[in-house]
Amino acid sequence: MAEPVLSIRELRKNFGALKATDNVSLDLRPGEIHALIGPNGAGKTTLIHQISGAIRPDSGAIEFLGEDVGALGMAARARKGLGRSFQISSLASEFSALRNVMLAVQAAQGSSFRFFKPVMHDTSLTEPALAVLERVGLAQRARLPAAELSHGERRKLEIAIALALGPKAFLFDEPMAGMGPEGSKDLTGFLDGLRREAPILLVEHDMDAVFALADRISVLVYGRIIATGTVDEIRRDPEVRRAYLGEHA
Amino acid sequence: MSSALFIEQMLNGLQFGVMLFLMAAGLTLIFGVMGLINLAHGSFYMVGAFACAAVAAATGSFWLGLAASLAAAAAAGAIVELLVVRRLYDRDHLDQVLATFALILIFSEGTRWLFGSFPLYLDIPPVLAGAVDLPGGARYQLYRLAIIAVGVAVAAGLYLLISKTRLGMQIRAGQSDREMIGALGVDIRTLYTIVFALGAALAGLAGALVGALQSVQVGMGEPVLILAFVVIVIGGIGSIKGALVGAILVGLVDTLGRFLLPKAFALAMGASQGATVGAALASMLIYIVMALILAFRPQGLFAANT
Amino acid sequence: MTMSRETPINLVLAALLFAMPFAALALDEPFYVTLATHMAVLALAAVGLNLALGLGGLVSFGHAAFFGLGGYAAGILSTHVLNMQPLLTWPLEIGASDQMPVIWLVAIAVSGLVALAIGAISLRTSGVYFIMITLAFAQMIYYFAISWPAYGGEDGLSIATRGAFPGVNTAVPLTFFLVCYAVLVAVLVLFALVRDSRFGAALQASRQNETRLAAVGIGPFPVRLAAFVLSAMITALAGALYADLNRFASPSMLSWQMSGELIVLIILGGTGRLFGPVAGAMLFVLIESVLGGLTERWQFFLGLILLGVVLFARGGLIGLVAGKPRHG
Amino acid sequence: MLLEVSGLETFYGASQALFGVELSVGEGEVVALMGRNGMGKTTTISSILGLVRGRAGTIRLGGKAISGMSAHRIARLGIGLVPEGRRCFPNLTVRENLVAAARKGDWTLERVNALFPRLSERRDQYANTLSGGEQQMLAIGRALMTNPKLLILDEATEGLAPVIRQDIWAAIRKLKSEGQSILVVDKTLSELLPVADRAFVLEKGQTVWSGKPADLTSELQDRYLGV
Amino acid sequence: EPVKVGMITTLSGGGAGLGIDARDGFMLALSLSGNKDIEVVTEDDAMKPELAVQIADKMIQSDKVDVLTGIIWSNLAMAVVPNAVAQGKFYLSVNAGPSPLAGAKCDKNYFNVAYQNDNFHEAMGNYAEKHGIKKMFILAPNYPAGTDSLNGFKRFYKGELVGEVYTKLGQTDYAAEIAQIRDSGADSVFFFLPGGMGIAFVKQYAQSGVGIPLMGPGFSFSQDVLGAIGDAALGAKNSASWSKDLDNAANKKFVEEFQKAYNRLPSIYAAQAYDTANLIIAAAGKVSVKDADAFRAALKAAEFESVRGKFKFNTNNHPIQDIYVREVVKEGDVLTNKIVGTSFTDHADAYAKDCALQ
Ligand SMILES: Nc1ncnc2c1ncn2[C@@H]1O[C@H](COP(=O)(O)OP(=O)(O)OP(=O)(O)O)[C@@H](O)[C@H]1O
Ligand SMILES: Nc1ncnc2c1ncn2[C@@H]1O[C@H](COP(=O)(O)OP(=O)(O)OP(=O)(O)O)[C@@H](O)[C@H]1O
Ligand SMILES: CC(C)C[C@H](N)C(=O)O
Ligand SMILES: [Mg+2]
Ligand SMILES: [Mg+2]
């Protein structure tokens with residue numbers, strides 16, 4: 001089996017008395033979509049925040065591409081190749097969709113301390129950005145300020161930005177949320193192909209998508225991983241059904 | 001240094017702090033809770049002082065003056081909210097800065113227009129005149145003790161209002177999402193007018209109380225305004241508790257600094273030199289303290305909710 | 001630089017400011033040369049602040065510190081030249097100079113270093129806390145200046161003769177205006193380039209959404225610090241020119257009212273707009289000097305005018321004419 | 001009809017988002033509002049509540065014209081909104097969020113806590129520290145606490161775990177059986193259509209289809225919703 | 001000969017009272033003289049040095065004034081005076097008298113008709129010394145005029161200083177200082193706090209029950225603040241070159257006419273400005289202002305009826321004058337000052353020796 005791209009070891013994070021992350025270990029292997037599901041408030045977003053560096057764990061290790069990134073800040077981890085999306089869209093709201101993506105392209109090129117060349121005439125930024133917008137189906141809306149996009153469009157822009165980083169692993173926090181029925185279908189197809197570019201840690205409540213996409217599923221309940229397995233194993237797991245899936249199976 | 005002196009200085013610090021709190025409380029309400037930067041808060045302080053002085057002069061009663069100061073400042077606050085501030089909630093903080101800066105100019109020159117350029121006369125009411133003996137051999141001015149009492153009472157009242165009543169919840173909700181609280185059926189516009197007037201009234205009260213100690217004149221509000229901002233930032237914006245702690249901290253640090261630093265430097269460099277260097281440092285002291293606090297606690301001491 | 005709806009307005013403003021002193025001389029109203037210089041220099045100071053405040057959302061309420069440091073650089077150098085004292089005697093002897101380029105360099109270097117220190121601490125905070133911590137640092141410098149006797153304390157520091165510029169006579173008001181105007185134009189070009197550059201994109205994104213910026217891998221802190229320092233340097237340059245214009249450096253250049261005035265100029269003209277500070281400074285100086293001559297109550301009317309602008313002209317004067325800005 | 005919208009046109013600045021929306025909700029009815037992303041569902045809801053102003057058309061609530069009224073007065077006439085994106089008050093605790101705008105009626109804190117036990121566990125936590133799903137529950141609870149005649153749910157099940165989502169649909173069905181009128185926007189047709197009495201479909205800011213859910217054939221679904 | 005005078009003074013904000021008195025005193029002299037040849041343009045400096053410089057430039061360049069005057073505050077004077085005189089204009093000070101302009105930076109075109117900043121403080125120091133006060137507590141704001149003040153006082157007072165305190169400029173709460181005074185065992189307190197600072201200090205002092213007698217320069221008890229201080233000021237000794245009850249014809253007329261015109265009592269600032277105007281009128285009556293040398297000589301001769309009785313200029317163009325000790329008294333319901341002694345006769349300032357003028 002190939003070396004995992006991302007490997008989390010015994011991560012813990014408490015908020016006061018609440019164990020938001022309780023001794024979590026998890027791997028993301030090359031080419032896979034690893035879905036992370038679990039009830040609301042189980043600690044999925046908190047886990048993504050810790051991996052991306054938005055919050056610091058109390059203990060435990062995060063290894064990315066064989067290197068311990070635990071001490072690095074959020075920006076530094078992104079530069080190493082961790083691309084994430086936010087559960088609640090987080091965009092530069094005055095910038096157009098295009099400029100939001102261009103920012104990611106520029107960050108990926110590692111060149112934010114250039115003071116003179118105008119970005120809008122810089123095809124090394126605009127072209128890749130437009131290409132990404134095309135991929136998520138936002139090319140028509142490229143020039144609209146992010147604030148004026150509809151909710152679903154903003155969700156797509158979130159994904160576009162992560163794509164533009166060309167990361168070595170994706171952390172997606174509920175990408176399906178806010179997509180219409182059609183959007184969900186399209187996005188499912190899209191993510192399916194994306195795993196060839198980089199493995200995906202996918203937090204999602206849309207079980208149709210999860211079951212269609214996931215190579216492996218981990219189930220997080222009250223900060224602990226209660227099960228990890230293939231789609232079929234998880235679907236059949238009575239504990240998971242009780243805690244999470246309900247009749248949906 | 002005698003212990004009487006020390007006790008007196010501590011009380012001085014406390015009294016100064018409590019006075020700052022009256023200003024800061026209104027500011028933190030308006031600013032922290034409603035999300036509005038109100039530079040004109042110092043103008044309400046001035047309005048309160050002038051109203052008190054004018055009415056006290058006309059009627060001979062400080063107490064009527066005090067009532068007038070509350071009424072005048074609240075009215076000024078309500079008018080300002082209705083005519084100007086109301087249009088600014090959805091705006092950038094910077095627009096609020098410019099508009100309320102403009103209000104300072106209008107209030108200051110307007111007051112001068114009405115009352116002339118010379119300071120007004122306002123004296124302490126006879127019942128509160130003079131000093132009282134305290135344990136430890138200290139003597140302390142009665143009026144200042146009364147200010148301390150008023151400040152503590154206001155602090156308690158505000159704390160209950162904001163954190164325990166539904167009104168307080170609605171105000172805070174409006175701070176984070178005005179549109180949403182409106183969509184839930186709360187008349188946030190009227191609510192904000194009331195809060196704004198309340199904050200203004202507190203500033204007016206502070207102006208009237210302090211006016212009897214200091215001079216009632218145009219421009220008296222701005223130095224206090226800056227200090228009040230220092231206080232709410234140290235305490236953590238939006239927190240009434242923070243405003244109280246911040247105010248008392250600033251009061252004590254400033255008073256004790258003014259008193260002790262020159263003495264300390266005088267030991268090292270001689271009386272005259274030490275006095276000037278010490279005094280220079282003392283005037284910077286609260287800013288140094290604020291910078292230190294923010295460097296280590298970027299959200300102030302009692303960040304409201306993070 | 002992209003052509004936008006703003007561009008024609010900007011050109012008109014630049015031309016108006018440039019024409020003003022010539023018209024003044026033609027009409028034998030030489031004072032208006034000085035007034036135009038005032039506008040140019042205040043505009044320059046505000047352009048500096050606009051970089052931090054308008055682009056980066058860093059509302060510094062302490063830029064008077066840099067303005068004043070620039071002023072004192074000019075004042076102190078000139079005092080030393082006048083008294084023929086060296087600037088430093090230890091560890092090595094450095095003589096003073098009355099050449100503007102030298103003064104400017106000193107002003108820029110000193111304020112850049114101070115801004116680096118202030119920024120490094122202040123940028124840990126944000127929002128109103130940032131406003132107040134920058135104020136705190138400026139107040140410290142202000143109180144230091146008024147109570148430190150060596151360079152005049154509160155009385156300030158007179159500059160006997162204006163700094164010299166190679167090849168021209170700066171004592172002639174028109175010449176001095178042209179020097180200031182040229183600096184202003186150069187800095188405006190710099191501002192436009194920075195705004196449209198990659199750095200500018202990161203800076204503006206840091207204002208809109210800092211988490212987003214970090215999540216794509218750009219640390220907001222270094223971006224902001226660089227902007228803050230650059231901004232301080234420009235404002236300090238303006239301070240040096242301002243002291244030379246008035247032939248006087250005083251602690252009031254360091255006061256919070258000065259910081260406030262710079263902010264007011266920017267908002268009045270249009271926050272984040274290239275020519276916002278220019279429009280703001282032109283209007284403000286004009287109102288101040290015209291109204292001040294007409295009535296003792298001029299501040300009252302100034303207040304009304306400013307209020308009118310905020311309430312009815314969203315986005316300041318430039319916004320009034322050009323509408324909302326477009327971010328590509 | 002409890003709510004009647006006709007000919008509604010709404011602009012954001014100069015750009016038009018709605019081009020004549022028709023919509024109605026009867027007493028005790030559950031109505032689905034559908035359409036692809038960006039077609040104007042949220043804008044329609046915002047216009048009803050007076051959060052954005054319609055420029056043309058009429059909106060009636062209980063027979064009374066409400067266009068032009070301020071949002072809080074419209075809400076007080078009996079609309080409870082669960083907005084897109086939750087919009088809980090981050091600086092209020094869970095309990096405070098629920099009671100801040102509550103109005104008298106059948107829905108009480110106890111009843112909401114019974115509906116969403118998770119909320120009572122997190123009673124004194126500030127809303128900005130809740131998980132996404134918890135915030136969604138809070139937003140629904142908050143709207144119920146205003147005891148509305150008409151409950152409007154804009155993507156209320158977004159981001160909820162399947163079990164919870166089933167709970168919410170169960171709650172909606174329960175509300176329906178108690179005679180509560182509800183307007184729902186939701187992307188999960190399989191869950192939405194069975195509950196709805198009628199449905200409206202928007203496309204490019206216009207009502208392009210309305211009728212009984214059963215009549216929304218898979219062909220129509222494909223045409224308007226892309227499924 | 002027509003003379004154009006530019007008056008830059010503080011007419012708005014907290015310091016406006018002083019500037020308004022100065023302007024009113026100046027204008028009163030002009031209107032009483034009936035002299036139509038002297039034209040005055042007045043502008044408000046708002047107590048901002050930069051604005052004062054800008055106005056001075058405007059008055060010199062556009063209004064083409066011959067003489068500038070009116071500035072109240074030393075820091076504004078330091079900003080305006082050196083430039084104005086360098087451009088060949090005359091500057092006549094109605095109030096501010098910073099020491100550099102009396103000493104090394106004196107100028108032949110700069111005349112101070114008021115005082116050198118140290119003078120009144122020196123007079124109080126002298127008074128305290130002569131009256132055998134053994135233990136003094138002294139207090140002033142921490143800025144140049146404040147340090148000048150205490151230095152001036154100490155130049156003549158040689159007794160023990162039980163406290164020397166510098167306060168923050170603009171400070172309005174003096175509780176901490178008052179506590180130190182209470183604790184100091186002083187016989188008397190000398191303080192220099194003009195404007196609102198002084199009002200605040202005296203009122204708080206009176207309420208504190210400390211009771212050690214207060215004294216200060218005339219600025220601390222001048223007519224413009226006495227009303228606001230109230231009875232707390234009664235009995236305080238203070239020094240000035242002028243007082244409303246000075247017994248000479250010019251002063252009687254001035255006080256009477258000022259009250260008639262403005263319906264209030266004049267302050268020292270009004271008196272100094274009144275003298276300044278009369279000095280200009282006198283000089284302009286003799287020679288043309290366009291002849292700078294002659295005009296300068298006419299100014300220096302100081303041949304005008306001063307409300308101070310006698311008045312002449314020293315080599316550095318600063319006054320040589322008597323300085324009195326006054327006491328705050330109540331006349332009817334108004335508080336005012338009454339002369340109770342003379343501290344100095346023909347007093348000159350300490351900086352004249354550094355001035356190159358002869
Ligand atoms: N800053 C905080 N302080 C206190 N508690 C917190 C904080 N942040 C998160 N929590 C709590 O930690 C738990 C985990 O939250 P998290 O957002 O990770 O859940 P989640 O699994 O992403 O849920 P969802 O699927 O609903 O988004 C929740 O109960 C939440 O209330
Ligand atoms: N604040 C705004 N300013 C300008 N345009 C806006 C704004 N909000 C929405 N729009 C535009 O109005 C149109 C309708 O948006 P709306 O949010 O109503 O769609 P929606 O049907 O709710 O979509 P979604 O399913 O993505 O939430 C879209 O074209 C959108 O870009
Ligand atoms: C009013 C006076 C006391 C002013 C003082 N001469 C000053 O320099 O500022
Ligand atoms: Mg989550
Ligand atoms: Mg929507």
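Remember, predicted model here, so these are calculated numbers, not experimental data. So that the names make sense, note that chain A is the first sequence line, chain B the second, and so on, each numbered from 1.
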Between [Y] and [X], is there a side-chain heavy-atom distance shorter than 4.5 Å?
X: Q171(E); Y: D254(B); answer: no
X: K263(B); Y: Q180(E); answer: yes
X: R264(E); Y: F118(B); answer: yes

*Picking from Q15(B), M19(B), R139(B), Q214(B), which has the most non-hydrogen pairs under 4.5 angstrom with chain E?*
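Maximum pair count with chain E is reached by Q214(B).
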Worksheet item: Who among A280(B), G13(B), S108(B), G130(B) has the most heavy-atom pairs with chain E under 4.5 Å?
Response: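 Top count of heavy-atom pairs under 4.5 Å with chain E: G130(B).
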Taking all non-hydrogen atoms of both residues, which atom of [X] and which atom of [Y] are closest, and how far apart?
X: K168(E); Y: S283(B); answer: CD-CB, 3.2 Å
X: A16(E); Y: R112(B); answer: CB-NH1, 3.6 Å
X: N142(E); Y: T276(B); answer: ND2-O, 3.2 Å
X: A228(E); Y: P119(B); answer: CB-CB, 3.8 Å
X: K203(E); Y: A212(B); answer: CE-O, 3.2 Å

- Message: Taking side chain as everything from C-beta outward and backbone as N, CA, C, O, which of these in Y174(E) sits under 4.5 Å from a heavy atom of chain B? Side chain, backbone, both or neither.
- Response: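 Contact with chain B involves the backbone of Y174(E) alone.
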With a 4.5 angstrom heavy-atom cut-off, is it the side chain or the backbone of D224(E) that approaches chain B, or both, or neither?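 For D224(E), backbone and side chain are both near chain B.
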Return the [atom1] to [atom2] distance between [X] and [Y], rounded to the nearest 0.5 Å.
X: T172(E); Y: F16(B); atom1: OG1; atom2: CZ; value: 7.0 Å
X: L120(B); Y: I199(E); atom1: CG; atom2: CD1; value: 9.5 Å
X: D173(E); Y: T255(B); atom1: CG; atom2: OG1; value: 7.0 Å

Is there a donor-acceptor contact under 3.5 Å linking the side chains of Q207(E) and R144(B)?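 No.
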With chain B, which of G195(E), A175(E), S208(E) has the greatest number of heavy-atom pairs at distances under 4.5 Å?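 Ranked by heavy-atom pairs under 4.5 Å with chain B, first place is A175(E).
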Output the option from G19(E), G227(E), G163(E) having the highest count of non-hydrogen pairs under 4.5 Å with chain B.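 Of G19(E), G227(E), G163(E), G227(E) has the most heavy-atom pairs under 4.5 Å with chain B.
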Exercise. Does a sphere of radius 6.0 Å around CG in N263(E) hold more than 12 heavy atoms from other residues, nucleotides or ligands, not counting ones at 6.0 Å or beyond?
Worked result: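 Open.
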May I ask you to check whether over 12 heavy atoms, not counting those of K135(E), lie within 6.0 Å of atom NZ?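 Incorrect, the count does not exceed 12.
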